[in-house]
Amino acid sequence: MLNPKIEKAFNEQIQKEFNSSFLYLAMAAWAEEQNLPGFGHWLRLQADEERLHAMKFFDFILDRGGHVQLLGMDAQPESWDSLEAAFEAVLAHEQMISRSINDLYKLALEEGDYPAQVLLQWFITEQVEEEKSAEEVLINVRRAGDSQAALYMLDQTLGQRVAGGTEGEETA
Ligand code: OFO
């Protein structure tokens, strides 16, 4: 039997993870409309990862005999002022998700829910990587500045990201 407070909070986290997925998919569409297929590819993979994050909470709730609720999705922006603004938004979003995961962990400690703590430890580690990779892309976008050649190289590099990894952002 799943603790009702954990069940409610995990259902809300499912909503946040799917919203993350939609945000990155919206950004991927925008990047591809700007003829930046590498950025689009990187963001599509990020969107896929967020869906998997949502599904980890989804499966956990079901495995513990809880009830899954798919809450409403937010409408996402359709454009950003610049690549820098877009990746500032990615980083801010991941920092918000990290705070949310930390709050869930605090709740799991208060409620003495050990299996939830184990799941959340995976997410705590994952968020370190998520913030790091968003920050690395942002730094490289700032480095490229107004140089079309540097931006082209960065787009090529991000286009090499493979599913399950964040390859591409360090080498640009
Ligand atoms: Fe981008 O992070 Fe999910 O949890």
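Every number for a ligand or one of its atoms is a count from 1 in the order of the listing.
Electrostatic pairing of E94 and K132 does not count as a salt bridge here, judged by no charged N lying under 4.0 Å from a carboxylate O.
Inspection of the N102 and R99 side chains reveals no N or O donor paired with an N or O acceptor under 3.5 Å. At a cut-off of 3.5 Å, with distance as the only test, a side-chain donor of E17 or Q13 sits close to an acceptor on the other residue.
Taking 2.8 Å as the limit, the number of protein N, O or S atoms around atom 3 (Fe) of ligand 1 is 3.
The number of heavy-atom neighbours closer than 6.0 Å to CZ of F22, taken from other residues, nucleotides and ligands shown, is 12 or below.
Residue F10 forms a side chain to side chain contact (heavy atoms under 4.5 Å, CB included) with just one option from I61, N3, L2, and that option is I61.
Among residues at least two apart or in separate chains, side-chain hydrogen bond (donor to acceptor under 3.5 Å, both in side chains) pairs with a member in residues 56-69 are R64-D113.
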